[in-house]
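All remarks here apply to the structure that follows.
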Amino acid sequence: MYDVKKIREDFPILSRKIYEKPLVYLDNAATSQTPRQVIEALVDYYENSNANVHRGVHHLSQEATDLYESARVKVAKFINAREPEEIVWTRNTTESINLVAHTWAQEHIGPGDEIIVTPMEHHSNLVPWQKVAADKGATLRILPLAKDASIDLSDIDEYITPRTKLLAMVHMSNGVGTINPVKELTAKAKKMGATVLVDAAQSAPHMPVDVIDLDCDFLALSGHKMLGPTGIGALYGRRELLEEMDPFLTGGEMVLEVWYDRATWNDLPMKFEAGTPNIADAVGLGAAVDYLQDIGMENIRDHEIQLTRYALEAFKELEEELEMFGPSDAEKRGGILSFHTDAVHPHDLGTFLDRDGIAVRTGHHCTMPLMRSLGVIASARASFYLYNTEEEVDALVDSLKRALRYFTDGAK
Amino acid sequence: MYDVKKIREDFPILSRKIYEKPLVYLDNAATSQTPRQVIEALVDYYENSNANVHRGVHHLSQEATDLYESARVKVAKFINAREPEEIVWTRNTTESINLVAHTWAQEHIGPGDEIIVTPMEHHSNLVPWQKVAADKGATLRILPLAKDASIDLSDIDEYITPRTKLLAMVHMSNGVGTINPVKELTAKAKKMGATVLVDAAQSAPHMPVDVIDLDCDFLALSGHKMLGPTGIGALYGRRELLEEMDPFLTGGEMVLEVWYDRATWNDLPMKFEAGTPNIADAVGLGAAVDYLQDIGMENIRDHEIQLTRYALEAFKELEEELEMFGPSDAEKRGGILSFHTDAVHPHDLGTFLDRDGIAVRTGHHCTMPLMRSLGVIASARASFYLYNTEEEVDALVDSLKRALRYFTDGAK
Amino acid sequence: MAQNDLDELYGNDLIRDHNRNPRNSAKLNSPDLVADAVNPFCGDEAHFQINLDGQGRVSEVGYEGVGCAICRSAGSMLSEVIKGHTLEGVEEISGLFQDMMFGVEPSEEQAALLGDLTSMTGVRAFPIRIKCALLAWSAIEDRISEHQRRQP
Amino acid sequence: MAQNDLDELYGNDLIRDHNRNPRNSAKLNSPDLVADAVNPFCGDEAHFQINLDGQGRVSEVGYEGVGCAICRSAGSMLSEVIKGHTLEGVEEISGLFQDMMFGVEPSEEQAALLGDLTSMTGVRAFPIRIKCALLAWSAIEDRISEHQRRQP
Ligand SMILES: Cc1ncc(COP(=O)(O)O)c(C=O)c1O
Ligand SMILES: Cc1ncc(COP(=O)(O)O)c(C=O)c1O
């Protein structure tokens with residue numbers, strides 16, 4: 001049985017009060033909260049095993065290396081990578097994507113080639129490709145947006161063609177919650193000989209993600225969105241691709257031999273990990289993965305579907321006032337509700353909710369072009385995670401109702 | 001009064017036992033240990049204030065942003081930068097240097113230009129410049145090494161010339177401890193119109209470092225070597241340089257406005273900080289800086305000079321067996337003793353010391369070319385920090401003596 | 001308590017009025033100065049057109065703001081208070097406004113210069129929103145310093 | 001206890017002897033196979049030259065090792081035990097050695113194949129040093145699989 005009350009007890013911050021009200025944290029798409037199991041892993045690392053990894057023969061160094069490398073194994077298993085060497089530690093999804101843009105893309109994208117992205121990319125999976133396209137004389141093509149903020153697939157065969165060299169797409173949209181048909185699009189793109197990168201920043205934390213099943217070439221994720229610490233993320237890359245890629249950052253750890261005038265590169269995954277890594281946070285992410293897997297990604301996904309369904313129902317009371325973005329079927333979306341009203345700017349709404357202890361995000365969610373396509377500058381976004389409850393959805397709806405009244409006729 | 005006993009109480013790991021012996025941690029040049037004040041800052045962040053920064057109107061987001069940005073102010077003051085916007089967060093020294101190599105150097109290094117480095121650079125301040133030189137048709141020149149493992153300055157004017165576009169130099173050598181005349185060399189290089197980057201990975205943790213006094217253009221440091229968490233470092237850059245530089249990584253946070261086909265850049269320092277930053281570890285580094293400044297960098301430096309002097313004296317007992325690298329004057333070096341014997345490979349020595357609870361580093365210390373210049377493949381290195389004691393030096397010397405006996409005639 | 005904070009901000013008649021009925025909303029054709037700003041973290045925008053008279057004083061202003069109530073009303077108030085001032089004068093008011101937002105109470109004389117902007121003190125209880133109030137000013141300030149650099 | 005661990009490793013006569021007097025230290029001219037490896041974390045090196053006879057068996061070996069006692073002695077032992085074996089046979093021994101280092105006790109028959117290498121079990125108490133014992137093998141293995149790929 002999914003015991004949300006028991007889960008909540010693992011998250012110290014959830015018992016915080018904001019303006020004397022219990023915190024209702026609905027900003028999970030921005031960053032997730034941290035269970036004590038992860039905090040304890042960090043504390044334990046610093047109190048007992050802290051040392052630099054890989055190069056030491058002393059005991060602490062070995063302990064630190066074992067902890068650090070076993071975290072890599074955990075992340076590899078979490079997304080079903082064939083081997084831990086296919087996991088490269090990065091700071092976050094953004095760095096993971098930039099790594100591919102600075103290495104693989106430099107060799108494989110040329111004049112006349114096409115890079116395809118969805119219309120709902122986070123800036124982190126859009127701006128790097130703008131630069132690659134501009135530098136290489138390639139074309140960046142944006143798939144069209146359907147009415148319900150999903151990808152309009154009607155002309156997909158005119159987009160994914162033999163000219164497509166890279167398909168870079170978000171799995172679950174952080175802006176509107178849409179889950180994209182990544183597996184189907186990957187199959188289509190690979191048939192054309194393209195390489196496929198999946199931005200799993202939102203999907204990996206909330207649903208089972210399997211790189212072998214998806215058959216993608218690269219996949220990027222951020223630890224801080226999946227109960228892990230800030231400052232650690234991962235890039236999955238198929239071994240063949242990682243092997244032939246040039247390194248990105250250079251320096252310590254990523255070299256095999258160095259002379260004053262030249263150097264040779266270390267094996268995977270170290271080739272892509274220059275300098276002292278973020279050891280403690282990798283260990284912390286390993287603990288987060290353990291925590292998620294103990295509960296089960298299927299169970300987490302089910303919980304969020306139920307919560308989203310409940311919320312979509314509850315929001316019907318507000319359907320005259322609020323425009324809701326994204327698919328209406330909870331199965332086709334993540335636990336992300338993005339909404340807008342002309343009557344109140346999202347920021348003012350956010351400030352009102354905040355005084356009720358409710359944390360939502362307001363703004364463009366780093367998806368400015370998507371917002372523009374939806375005809376707004378900003379939206380308010382409530383995003384759920386494994387610890388959120390129906391009572392919290394009720395609190396959100398109640399606060400929203402009062403806010404709308406307050407800003408339209410109620411105030412004064 | 002410098003109370004090393006009281007300081008040690010702040011470091012939980014120092015009461016650990018290794019093979020039933022008290023830990024003697026002398027691997028500080030690789031990474032430093034973490035005081036409870038820093039661990040508590042991390043725990044407090046995750047238990048009370050965790051949220052994504054900059055973009056949220058809710059209370060937690062504001063708290064997190066305040067903590068995060070005030071850490072930047074602390075680091076700026078720590079190295080006497082003019083303003084916090086001159087501090088860019090990175091993962092570590094290696095990333096800081098790569099950032100400059102991927103941005104500034106791309107615009108400013110051309111065919112025939114010269115990049116000067118010292119003969120004792122860490123791979124992280126050597127390999128990036130090898131690549132820049134190769135890509136741009138520039139020449140990488142290595143200053144000559146003097147007998148005592150300092151820079152041989154006799155022909156310096158033949159190295160630093162109007163062709164010099166960049167002088168990139170380590171402040172304190174992690175391989176042998178030498179403190180380089182960074183201020184003098186900077187003045188010389190600037191007279192020739194060159195830009196100067198200082199690798200302060202070893203100096204910033206152990207002695208006062210002042211970017212205005214040094215008059216350098218860039219300075220790189222790592223949090224994990226100065227009592228901070230792993231995964232956070234900083235690049236100092238003079239505002240004028242940072243302003244005109246192109247961004248490095250692209251994506252969320254570093255943009256001002258984004259359209260499907262183009263984007264504009266955010267102000268400093270965000271222009272260089274793509275994606276969700278390592279918020280917690282920046283806060284942790286802020287706490288580390290507070291801790292260091294409470295004790296006082298001058299005091300820490302004095303403590304280490306005394307300890308080094310004590311150690312150099314104690315090592316005299318072994319001068320027949322061990323070759324010592326680096327200047328013999330404790331004022332001219334950091335608390336880093338690097339030594340070698342033909343009788344025992346450093347690794348075997350390290351394994352022996354480890355069984356006595358003594359953690360030293362053995363190997364090339366990511367300075368392979370320097371080791372080669374010194375005529376060895378590897379050395380053993382004991383490196384001190386504010387919490388080390390004369391008793392620990394005694395333990396080291398005692399264990400070394402027994403090791404030498406064990407490996408030469410004693411065993412069997 | 002929370003409600004009071006909110007009322008002091010959003011319940012303020014001047015703010016409500018400026019938000020709903022922004023002043024100087026007619027766009028100027030071929031203005032002497034154009035100033036624009038975007039808040040990168042929320043996408044809010046402020047756009048100004050400014051005409052100067054023979055003595056270098058602001059004679060006409062056009063303003064359009066896209067964003068939250070604080071951002072829009074602050075921009076609208078700004079468009080009123082800068083009229084009749086030289087660019088130096090505008091910068092001075094900008095400084096007073098920033099000081100006020102960070103807690104310095106304006107003198108009576110200063111309050112007169114600030115006009116309706118004095119009603120913005122309620123934002124102080126919401127520190128993260130202060131940048132919404134400052135967006136319009138940052139647009140103007142950037143433009144003025146650029147303008148002055150060009151005409152030494 | 002700690003001392004015992006050390007003795008089992010460094011006190012072992014075979015290891016000491018191989019470290020001090022590496023076998024097959026004469027370099028071969030124009031060998032059939034050359035194999036080199038570097039441990040990136042410590043800079044230790046292993047260099048082999050190998051000649052094969054008409055049946056594809058290892059007939060002559062030249063070995064030079066730079067590094068710690070474990071690395072050097074393991075390389076020297078390797079240079080002895082591979083003689084007379086085909087490359088497939090060498091790979092089999094390599095597998096046995098790795099298994100042994102990670103805790104699998106060799107059978108009597110296997111121990112015979114491993115020869116002096118069985119003395120390396122003392123390294124197991126020092127997990128971080130296992131890669132020192134494996135460096136020479138990694139050189140040989142990489143080279144064999146490359147060789148086999150080229151001659152299908
Ligand atoms: C002098 C010096 N430079 C650069 C580095 C690289 O630092 P990091 O590994 O934290 O990037 C180190 C640390 O090993 C160092 O000692
Ligand atoms: C879909 C998506 N992609 C990429 C990112 C960027 O992640 P990060 O900021 O951790 O690099 C995010 C998070 O904001 C996201 O939601």
Side-chain angles (χ1 to χ4, degrees), chain A residues 12-13 16 18 27 30-31 33-34 39 42-43 46-48 50-52 55-60 91-92 94-95 98 122-124 127-128 130-131 142 222 224 229-231 249-252 255 258-260 262-263 274-276 278-281 347 350-351 354 359 361-363 366 368-369, chain B residues 12-13 16 18 27 30-31 33-34 39 42-43 46-48 50-52 55-60 91-92 94-95 98 122-124 127-128 130-131 142 222 224 229-231 249-252 255 258-260 262-263 274-276 278-281 347 350-351 354 359 361-363 366 368-369:
Chain A
I13 206 170
R16 243 203 89 159
I18 305 286
D27 193 17
T31 203
Q33 293 304 340
T34 321
I39 299 172
L42 295 175
V43 171
Y46 286 116
E47 290 194 345
N48 293 301
N50 180 45
N52 213 323
R55 286 178 312 239
V57 298
H58 61 74
H59 192 83
L60 285 184
R91 178 168 36 246
N92 49 30
T94 304
E95 192 189 18
N98 273 270
H122 187 280
H123 296 161
S124 292
V127 185
Q130 290 176 349
K131 184 163 162 49
I142 318 292
S222 292
H224 70 92
T230 57
L249 306 182
T250 59
V255 289
V258 180
W259 295 264
Y260 281 126
R262 67 192 190 283
T276 303
N278 188 349
I279 308 165
D281 292 330
H347 274 20
T351 289
D354 183 44
R361 185 116 319 208
T362 59
C366 291
M368 280 190 188
Chain B
I13 207 170
R16 244 203 87 158
I18 305 286
D27 193 17
T31 203
Q33 293 304 342
T34 320
I39 299 172
L42 294 176
V43 171
Y46 286 117
E47 290 194 344
N48 293 300
N50 179 45
N52 213 324
R55 287 177 311 238
V57 298
H58 62 76
H59 192 83
L60 286 184
R91 178 168 37 244
N92 50 30
T94 304
E95 192 189 17
N98 273 270
H122 188 280
H123 296 161
S124 291
V127 185
Q130 290 177 349
K131 185 164 161 48
I142 318 292
S222 292
H224 70 93
T230 57
L249 306 182
T250 58
V255 288
V258 180
W259 294 264
Y260 281 125
R262 69 193 189 282
T276 303
N278 189 347
I279 307 165
D281 292 330
H347 275 18
T351 289
D354 183 45
R361 184 116 322 205
T362 59
C366 292
M368 281 190 187

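No hydrogens, no waters, no symmetry mates; every other heavy atom, side chains included, goes into these values.
Counting only heavy atoms from C-beta outward, the side chains of B/Leu42 and B/Pro229 approach each other to under 4.5 Å.
Distance check: B/Gln33 CD to A/Tyr46 OH gives 10.5 Å after rounding to the nearest 0.5 Å. One distance of note links CE of A/Met368 with OH of B/Tyr260; it measures 13.0 Å at 0.5 Å rounding.
Heavy atoms closer than 4.5 Å to chain A are found in both the backbone and the side chain of B/Leu249. B/Asp354 touches chain A through its side chain: at least one heavy atom from C-beta onward sits under 4.5 Å away, while N, CA, C and O do not. Neither the backbone nor the side chain of B/Ser222 comes within less than 4.5 Å of any heavy atom in chain A. Of the atoms belonging to B/Ile279, heavy atoms from both backbone and side chain fall under 4.5 Å from chain A. Heavy-atom distances place the side chain of B/Asp27, and not its backbone, under 4.5 Å from chain A. With a threshold of 4.5 angstrom between heavy atoms, B/His122 approaches chain A through side-chain atoms but not through N, CA, C or O. Looking at B/His224, the atoms closer than 4.5 Å to chain A (heavy atoms on both sides) all sit in the side chain, from C-beta outward. In this structure, the portion of B/Asn92 lying under 4.5 Å from any heavy atom of chain A is its side chain and not its backbone. Contact annotation for A/Val255: only side-chain heavy atoms (C-beta onward) come within less than 4.5 Å of a heavy atom of chain B. Contacts between B/Val57 and chain A at a heavy-atom distance below 4.5 Å involve backbone atoms as well as side-chain atoms.
Closest heavy-atom contact between B/Ala359 and A/His58: CB-CG, 3.5 Å. Heavy-atom minimum distance, A/Gly252 versus B/Cys366: CA-SG, 4.1 Å. Between A/Ala274 and A/Gly251, the shortest heavy-atom contact is CB-N, 4.1 Å.
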May I have the step-by-step check of side-chain contact (heavy atoms from CB on, under 4.5 Å) for B/Ile13 and B/Thr34, ending in yes or no?
CA-CA 8 Å; B/Ile13 207 170; B/Thr34 320; over 6 Å; no
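Looking at A/Glu47 and B/Arg16, no side-chain N of the basic residue comes within less than 4.0 Å of a carboxylate O on the acidic one, giving no salt bridge.
Heavy-atom pairs under 4.5 Å with chain B were tallied for A/Ala263, A/Ala280, A/Gly231; the largest tally goes to A/Gly231. Among B/Thr351, B/Thr94, B/Val127, B/Asn50, the residue making the largest number of heavy-atom pairs under 4.5 Å with chain A is B/Asn50. Contact count versus chain B (heavy atoms, under 4.5 Å) is highest, among A/Pro12, A/Pro369, A/Ser124, for A/Pro369. Highest contact tally toward chain A, considering only B/Thr276, B/Val258, B/Asn52, B/Asn48, is held by B/Val258 [criterion: heavy-atom pairs under 4.5 Å]. For the set A/Lys131, A/Arg262, A/His347, the entry with the most heavy-atom pairs within less than 4.5 Å of chain B is A/Arg262.
Judged by distance alone, the side chain of A/Thr31 and the main-chain N or O of B/Ala51 form no donor-acceptor pair under 3.5 Å.
For B/Thr230 and A/Asn278, the side-chain atoms include at least one donor-acceptor pair closer than 3.5 Å.
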